[in-house]
Amino acid sequence: MARIEGKNSAARQLYQEAVTSAGEAGFPLNATLSSEFAGRFEFERGREAEAAGWLRRAHDGYLKWGAKAKVKAMEEEFKGIFISFS
């Protein structure tokens, strides 16, 4: 809701909490999804450096899960971000 309501600071905090709590609770896929959503949120706001960190974390999570099609789609969609990490 914070994202939809334009409460960017609150949304950032809530994404961080979602990633952390999912990881601590033993739900790595939920942490991966939350990381992707946080990355997309930052990317849409022109915060590419912040987005890159989140998207890299999501990318690594999807690799661990063997989600090859998702990894490839992310690499194509965010080509500039993943090239900069190569």
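Between Glu50 and Arg12, none of the side-chain N atoms (NZ, or NE/NH1/NH2) sits under 4.0 Å from a carboxylate O, so this pair counts as no salt bridge. The residues Arg40 and Glu44 are annotated as not salt-bridged, no charged nitrogen and carboxylate oxygen being separated by less than 4.0 angstrom.
The NZ atom of Lys70 sits 7.5 Å away from the CD atom of Glu77 when rounded to the nearest 0.5 Å. The structure places NE2 of His59 at 11.5 Å from OG1 of Thr32, a figure rounded to the nearest 0.5 Å.
Across all their heavy atoms, Ile81 and Ala51 have their closest contact at CD1-CB, 4.5 Å. For the pair Ser35 and Trp54, the tightest heavy-atom approach, listed with the atom from each and the gap, is O-CB, 3.4 Å. A pairwise comparison of heavy atoms in Val19 and Ser34 identifies CG2-CB, 3.5 Å as the closest pair. Closest non-hydrogen pair, Phe41 versus Ala11, comes out as CZ-CB, 3.7 Å. Nearest heavy atom pair, residue Arg3 against residue Phe37, reads NH1-O, 4.0 Å. Pairing each heavy atom of Phe82 with each of Leu55, the nearest pair is CZ-O, 3.8 Å.
Looking only at atom types and distance, the side chain of Tyr62 has a donor-acceptor partner in the side chain of Glu36 under 3.5 Å away. Checking Gln16 against Thr20 by side-chain atom types alone, a donor-acceptor pair falls below 3.5 Å.
A continuous path of Ile, Leu, Val, Met, Phe, Trp and Tyr side chains, each step under 4.5 Å between heavy atoms, connects Val71 with Leu33, placing both in one hydrophobic cluster. Under the 4.5 Å side-chain heavy-atom criterion for ILVMFWY residues, no single connected hydrophobic cluster contains both Trp65 and Phe27.
The aromatic rings of Phe43 and Phe78 sit perpendicular, their planes meeting at an angle over 60°, well past the 30° parallel limit.
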